[in-house]
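To start, the structure itself, in structure tokens.
Fair warning: this is a prediction, and the values are worked out from it, not measured in the lab.
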Amino acid sequence: MLTALLNSKPFIVFNHSKEELRSIRKGSPTFICPHCLSPLILKVGQVKAPHFSHAAKVQCPFDSRKETREHIWSKTILYQRLTHLYEDVKLECYVPQIKQIPDLMISAEERRIAIEIQHSTIPLQEVGKRTVGYSHADIHPLWILIQSIQTGNPIKLTRFQQGFIRFSKELHYFLLHFNPGTKCFTILPHLMPISNNTFLHSKNIVIPLDSFTLPISFQRPGSTGPHLLSNWPQYRKKWIIDKINYRSLKYDRFLREVYEAGDTFQYLPLYIGLPVMPHATILKTHPIQWQYYIWKDVLKRDRIFSKESVLRAIAERLGRGDIEARDFPLMTSGGAMSRLVGDYLTILEKLRIVKNEGSAGFSLVSKWECPGTFNDFLLHERGFFPNWKHILKMD
């Protein structure tokens with residue numbers, strides 16, 4: 001921990017140099033924990049940043065926090081930046097009604113903001129629990145991920161890192177990341193999954209720490225970025241090939257269901273597995289899989305169907321575990337599934353796959369005729385994506 005009480009006043013270690021701290025320590029001052037009021041030990045080493053620690057066997061709510069060097073450094077520099085912006089910024093402030101100690105607490109204009117800096121991997125359920133607790137205490141939580149993340153496009157994110165994805169109208173699904181080494185925030189906007197843990201995204205938005213404000217301000221991206229989905233047909237094909245090469249009918253429920261339904265997995269309609277921006281991000285299941293279920297359960301079965309019937313089919317598949325949603329503890333669903341289904345039906349309507357029958361619902365325009373040979377399917381594929389790339393936002 002970085003704070004203590006000295007003579008009943010807050011004492012913050014990074015307000016002093018190591019030499020000053022060593023000099024202060026020689027006077028044997030009595031540092032007190034602001035949370036449990038037990039004595040603290042001031043540690044000033046060569047490797048770790050100066051900090052306080054409890055004596056052995058002392059029970060304190062702060063002791064459950066195992067903070068890394070990156071965590072402590074991030075907390076230090078963010079505190080220094082925020083104290084330039086706000087008069088009331090507290091470090092390691094205990095919130096008794098929810099028994100939480102956010103890294104930083106800002107009070108401004110009758111509003112409190114709790115900043116949680118996260119470097120270690122913890123259960124996402126714990127992130128969700130803390131988020132709900134802050135909300136119940138009328139505190140707005142801001143989680144800042146500082147784990148190292150891969151660079152490039154597409155980018156791979158672990159399940160834990162995916163839990164920090166948020167949504168906004170301007171950025172769609174995005175990830176906020178802070179690098180204490182470069183002292184920069186990075187926003188990865190318009191995330192679009194191409195597999196369980198791989199995402200396409202628009203150009204990074206970089207915010208230097210000395211430009212960081214709350215709410216976070218940045219230059220609004222004009223769109224999802226040029227040619228974000230231009231390689232989607234290749235990503236779609238790769239998923240199919242990998243599925244065939246690395247799975248089997250015996251162990252893969254999806255492949256077995258496609259086979260038992262009399263469909264040919266390699267020759268599924270090309271309107272199965274389309275990119276549906278932005279809300280496809282809520283599903284961990286690949287678009288080929290969840291869109292096949294819609295086709296099999298509703299489009300092929302019912303002459304006239306509604307958006308509600310598609311949503312019911314999706315809910316049943318979610319209940320059986322055939323479709324899996326991503327865990328986003330920092331936001332509520334807010335009807336995202338309904339918007340995802342609505343967007344997919346809109347795309348199918350523009351592609352003239354389904355027809356809007358008004359209040360009656362939708363109908364499938366024509367039955368899918370599976371090509372007889374691989375060359376026939378290739379000809380169909382070469383015409384489909386180029387002809388409809390403007391609708392699929394691939395141009």
Side-chain angles (χ1 to χ4, degrees), residues 1-84 86-108 110-120 122-123 126-127 129-144 146 180:
M1 59 193 306
L2 302 177
T3 58
L5 296 177
L6 179 61
N7 299 326
S8 301
K9 295 181 180 180
F11 184 95
I12 300 175
V13 291
F14 55 71
N15 286 339
H16 306 271
S17 67
K18 286 187 177 182
E19 290 74 19
E20 289 174 334
L21 292 173
R22 291 191 181 102
S23 178
I24 292 170
R25 189 172 58 181
K26 287 180 181 179
S28 300
T30 302
F31 292 108
I32 299 297
C33 175
H35 309 304
C36 67
L37 303 181
S38 61
L40 292 175
I41 302 169
L42 173 60
K43 295 188 175 182
V44 188
Q46 296 299 325
V47 179
K48 291 186 177 181
H51 63 282
F52 294 104
S53 67
H54 289 82
K57 299 181 180 179
V58 172
Q59 297 295 321
C60 176
F62 196 91
D63 266 359
S64 62
R65 301 160 61 100
K66 303 298 181 183
E67 296 187 329
T68 63
R69 181 170 54 183
E70 293 83 359
H71 188 144
I72 293 173
W73 177 233
S74 298
K75 183 161 46 176
T76 301
I77 58 180
L78 285 171
Y79 175 83
Q80 292 169 339
R81 169 60 184 169
L82 291 169
T83 52
H84 285 291
Y86 302 97
E87 293 184 2
D88 190 353
V89 181
K90 294 183 175 65
L91 188 67
E92 302 166 346
C93 172
Y94 183 61
V95 184
Q97 59 264 50
I98 56 175
K99 299 180 180 179
Q100 289 296 327
I101 305 173
D103 293 299
L104 299 163
M105 178 75 80
I106 302 168
S107 298
E110 300 182 354
R111 188 186 187 198
R112 291 187 295 171
I113 302 172
I115 295 181
E116 287 273 12
I117 301 165
Q118 200 61 43
H119 183 251
S120 302
I122 62 175
E126 177 64 21
V127 176
K129 179 182 177 182
R130 292 190 205 174
T131 299
V132 171
Y134 286 127
S135 298
H136 287 170
D138 199 24
I139 299 171
H140 177 74
L142 174 60
W143 289 81
I144 298 178
I146 63 170

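Note that CD of Glu67 is 9.0 Å distant from OG of Ser120, once rounded to the nearest 0.5 Å. From Trp143, atom CH2 reaches atom CD1 of Ile117 across 11.0 Å, with rounding to the nearest 0.5 Å. Taking CG of Leu37 as the reference point, atom CG of Leu5 lies at 7.0 Å (rounded to 0.5 Å). Taking OG1 of Thr76 as the start and CG of Leu2 as the end, the distance is 5.0 Å to the nearest 0.5 Å. If you take CD1 on Ile115 and CD1 on Ile139, they are separated by 12.5 Å, rounding to the nearest 0.5 Å. To the nearest 0.5 Å, the span separating CG on Leu82 from NZ on Lys75 amounts to 13.5 Å.
Annotation: Gln97, atom CD; neighbour count of heavy atoms from other residues, nucleotides and ligands within 6.0 Å is above 12. Other residues, nucleotides and ligands place more than 12 heavy atoms under 6.0 Å from the CZ atom of Arg22. Enclosure of atom NZ in Lys129 is not indicated, since only 12 or fewer non-hydrogen atoms of other residues, nucleotides or ligands lie within 6.0 angstrom.
The closest side-chain heavy-atom distance from His16 to Val44 is not below 4.5 Å. Inter-residue side-chain proximity for Tyr94 and Gln100 is flagged as unmet; no heavy-atom pair is nearer than 4.5 Å. Within the 4.5 Å cutoff, the side chain of Thr3 has no heavy atoms near those of the Tyr79 side chain. Two residues are said to be in side-chain contact when any heavy atoms from C-beta on lie closer than 4.5 Å; Leu91 and Asp103 fail this criterion. Looking at heavy atoms from C-beta onward, Gln118 lies out of side-chain contact with Val127 at the 4.5 angstrom threshold. Contact check for Ile101 versus Met1: no side-chain heavy atoms found under the 4.5 Å cut-off. A heavy-atom distance below 4.5 Å is not found between the side chains of Phe11 and Ile32. Side-chain atoms of His54 and Cys33, non-hydrogen and from C-beta on, do get closer than 4.5 Å to each other.
Considering every non-hydrogen atom in both Pro102 and Val95, the closest pair reads CD-CG2, 3.9 Å. Of all heavy-atom pairs between Ile98 and Gly133, the closest is CG2-O, 3.4 Å. The nearest pair of heavy atoms linking Asp88 to Lys90 is OD1-NZ, 2.9 Å. Of all the heavy atoms in Ala137 and Arg112, the pair that sits closest is O-NH2, 3.1 Å. The two residues Pro141 and Thr131 come nearest to each other via the heavy atoms CG-CG2, 3.9 Å.
At least one donor-acceptor pair closer than 3.5 Å links the side chain of His35 to the backbone N or O of Glu92. In this structure, the side chain of Arg111 does not engage the main chain of His140 through any donor-acceptor pair within 3.5 Å. Checked by atom type and distance alone, the side chain of Ser23 never pairs as donor or acceptor with a backbone atom of Glu19 at under 3.5 Å. Proximity of a side-chain donor or acceptor of Lys18 to a complementary backbone N or O of Gly45 within less than 3.5 Å is detected. Between the side chain of Glu126 and the backbone N or O of Pro123 there is no donor-acceptor pair closer than 3.5 Å.
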**Message:** Applying side-chain contact (heavy atoms from CB on, under 4.5 Å) to Leu142 and Ile106, what does each step give before you reach the verdict?
**Reply:** CA-CA 11 Å; Leu142 174 60; Ile106 302 168; over 6 Å; no

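Partners of Pro29 under the side-chain contact (heavy atoms from CB on, under 4.5 Å) rule, at least two apart in sequence or in another chain, are Leu6, Ile24, Phe31.
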